[in-house]
2 protein chains.
Amino acid sequence: MNSLETLRSFRIFAETLNFTHAAEELHLSQPALHTKIRELARSLGQPLYLKQGRQLHLTEAGQKLLVFAREMEARVQDFQRQLRGESEQPLRLASGQGAYRYLLGPALKAYRGQLELRLGGAESVRSGLAHLGVGVAPADISELEVQPFREVGQVLLIPKQHPLARKRRLRLRDCRDLQLVVPPPGRPQRLRLEECLPPFQVAAEAEGWELTLYFVVLGLGVAVVNSFCPVPKGFVARELDELPAVSYQVFLPKAYARPQARQLARLILNS
Amino acid sequence: MNSLETLRSFRIFAETLNFTHAAEELHLSQPALHTKIRELARSLGQPLYLKQGRQLHLTEAGQKLLVFAREMEARVQDFQRQLRGESEQPLRLASGQGAYRYLLGPALKAYRGQLELRLGGAESVRSGLAHLGVGVAPADISELEVQPFREVGQVLLIPKQHPLARKRRLRLRDCRDLQLVVPPPGRPQRLRLEECLPPFQVAAEAEGWELTLYFVVLGLGVAVVNSFCPVPKGFVARELDELPAVSYQVFLPKAYARPQARQLARLILNS
DNA sequence: TCCAAGCTATTCATCTAGACTATAGATTAT
DNA sequence: ATAATCTATAGTCTAGATGAATAGCTTGGA
C-alpha cells in the first residue's frame, strides 16, 4: 500500500482487468504483478476483485481504490510539476457538444489559464480523466460534487408552414407519429425522447445540435432540441413544457479538486 | 519518491530538522534515514535542506514537499478509514477564542458531523494540523485559500462615569496614557494596539475576551476590544473608527480540501 | 466430448533495494 | 584543546521483490 508504484500497478490492472496485458503494459512479469495486487489486497484487508468464470471484476473496495489511485497519481504529478517550476498542467474540462457550443462560451473566454477540452461528462470526472465536467446528471454521481448550473427547456423545431406551428402551446400528444431527427440509439437525449414522447418515426439520426439543425433545415424532419439552440430562418420553436427540463450540472471530484477547477466552476456557475 | 514511507520519513525529518532524532522516532538507523532523504532529493532533482554550520533548514522545495507529504499522509489515512467503513475522521477546526465565542456559534451548531476544535489559525491549516481555520489573516497565506468572513470594529470599553464616556466619538489621541487591559506581548491584538494607539500603560495582561472583560469590570483598567464583545453593565463601548477594523477570514488548504471542510466553510460564511 | 487457447495463480531460484554497523568529517560548547 | 553532538560515507548483509517455469481453471470450437 505504501508504494505509489503499487498504486499505479493496481490502476493499470483495474483498467484492463487482465493481469497478463496489464503486466505487459507495466513492463513487469505477470506473476510479479499478481503478487503485488495480492499483497495490496491483503494489506488493505479486503479482496479487490472477484472471479466469475474467467472474467474478473472489481469489488466495491477495488472501485474505491481505483478512484483513489487515480487521484493520488494526479496529485503526485501536479506536485512534481509545481516543484520543477513547470507550467501548471492544463485543466481538463469534459462536457458535451451542446454545452460547449451554447452554454460555456463566456466562462471559457473569461478563464485565464491553459485548458484542454474533452467530450465527456460526469464519468470523465469520476475516472480522473477530466478535472471538471459539465453535463446532465447521470445515474451514479457518488464520489462527485454536483452543482446545478442551468435548466434548459425542450422545444419542437418546425417549419412556419407546419400545421403544428399554428398552435401556441404544444402538448405531447400532438407529437404523435412525427418524423423526427434524433440522436443515435442509446444517447441520453434519445433515451429521454423515447421515454417521454408518444411513438415517433426516425427520419434521420444526428450527433450534435448543429447536424440536427442542418437535417431539420434540409427538411428531413422536425426535431426536439434544447431551447438554447438558435432557431433557423423559416422555422419556429414551440415549447414542450410537458417534457421535463434538462438540468445541466457542474461536476467536481468530491475530494481534492484542483484549485483551478474550482475557479472555472465558479466562472461557469456565475455565467 | 514513490514510497509513502519515504514521504513520512521526510515529514518527520523536516519537522525535527535532526536526522538523529528523526531516525529514532522512525525506528530507523540514522544512516538509513539519511540515504532515504538523499535519494528523495536526488529523485526530485533539488536539495531539500541546507546546512548552516550544524543547523539544518528546509529549502523552498523542502517546504513545499513538507506540505505535500502531510497532505498525502492525511489523504491516505482518510482513504483507509473510508475503506474500513470506519466513521469519518472528525473535522479539525482551528480558530481563536474570540471567534469561537462570538462568531462561530451558529455555524458550529448547524454543522452535522464530528468536530475537533483547536486553538490556532491559518498556520494550523497550512501545517496540516487543522482542516479549516478561522482568524485574522497573518503574513503568509500562500498555499491557502482565503475567504473574507467578517469585519469587526474596535471599541473602547469604559465605565459610564469615565470622562471619555461623555464624548460621542473618540479619537485615538484621546486614548493617550490610558490604563489598558491588553493581551500578553507578542499576541496579534497586542501588536496592533502597540502599532496604532498612542502610548498607554499596561494595567493588566489577559488572554481572551472573557478575562479581559472581567478585569475591566473589576476596575483594573479599560480595554480596546472587538465590537462583538457584550458590553458589561455600567459600561459603555465607544467606537474607535480610526483603528483599522479587524478582518476575520476562513482558511482552507488551497489544494485538496476535505469536502466536509468546504461544507463547514460555507456554513460559516453564510452565518 | 475432448483438446487447444488464454487466462490466473503458485513455486522456487535469483537479484537488488534498502537496512544496519562502523567510522570519518564537521561544528559547537566547555 | 577536547569532548559532545551531528551529518555523511563505505561496506556488508538480508528481506522482499522479480522472473522463469508451470500447474490449474475456464471457455470455445473441432
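This is a predicted model, so every value here is computed, not measured. Chain letters run A, B, ... following the sequence lines, proteins first, then strands; residues in each count from 1.
Rounding to whole angstrom units, CD1 of residue A/Ile37 and C1' of C/dT8 are separated by 13 Å. Rounded to whole Å, atom P of C/dA19 lies 10 Å from atom CG of B/Leu26. Rounded to an integer number of Å, the gap from B/Leu56 CG to D/dC6 P is 11 Å. Remark: C1' of D/dT5 and NZ of B/Lys51 are 12 Å apart, rounded to the nearest angstrom. The nearest whole Å value for the distance from the CD atom in B/Glu24 to the C1' atom in C/dC20 is 15 Å. Residue A/Phe19 contributes atom CZ, which lies 17 Å from atom C1' of D/dA23 at whole-angstrom precision. Taking atom CG on B/Asn18 and atom P on C/dA26, their separation rounds to 19 Å, with Å as the unit. Atom CD of A/Gln30 is separated from atom P of D/dA21 by 14 Å (rounded to the nearest Å).
Between A/Tyr49 and A/Phe19, the ring center distance clears the sub-6.0 Å criterion.
Neither OP1 nor OP2 of C/dA9 sits under 4.0 Å from any side-chain N or O of A/Thr35. For B/Arg38, no side-chain nitrogen or oxygen approaches OP1 or OP2 of D/dT7 to under 4.0 Å. In this model, the phosphate group of C/dT8 is not approached by any side-chain N or O of A/His34 to a distance below 4.0 Å at OP1 or OP2. Taking only side-chain nitrogens and oxygens, B/His21 comes nearer than 4.0 Å to OP1 or OP2 of D/dC6. Between B/Ser29 and C/dT21, a side-chain N or O to OP1/OP2 separation shorter than 4.0 Å is absent. B/Tyr49 has a side-chain polar atom (N or O) that falls below the 4.0 Å cut-off from OP1 or OP2 of D/dA8.
Side chain of B/Thr59 to main chain of B/Leu48: a donor-acceptor pair is present (N/O by atom type, distance under 3.5 Å, no hydrogens or angles).
Taking every side-chain heavy atom of A/Pro31 into account, D/dA20 is the closest of C/dT8, C/dA19, D/dA20.
No donor-acceptor contact under 3.5 angstrom links the side chains of B/Thr212 and B/Glu210, judged on distance only.
Between B/Phe13 and B/Asn18 the shortest side-chain heavy-atom distance does not fall below 4.5 Å. When side chains are defined from C-beta on, B/Val134 counts as touching B/Phe149, because their heavy atoms get closer than 4.5 Å.
Take the nearest nucleotide of DNA chain D for A/Gln55 and for A/Lys36: the residue whose nucleotide is more 5' is A/Lys36.
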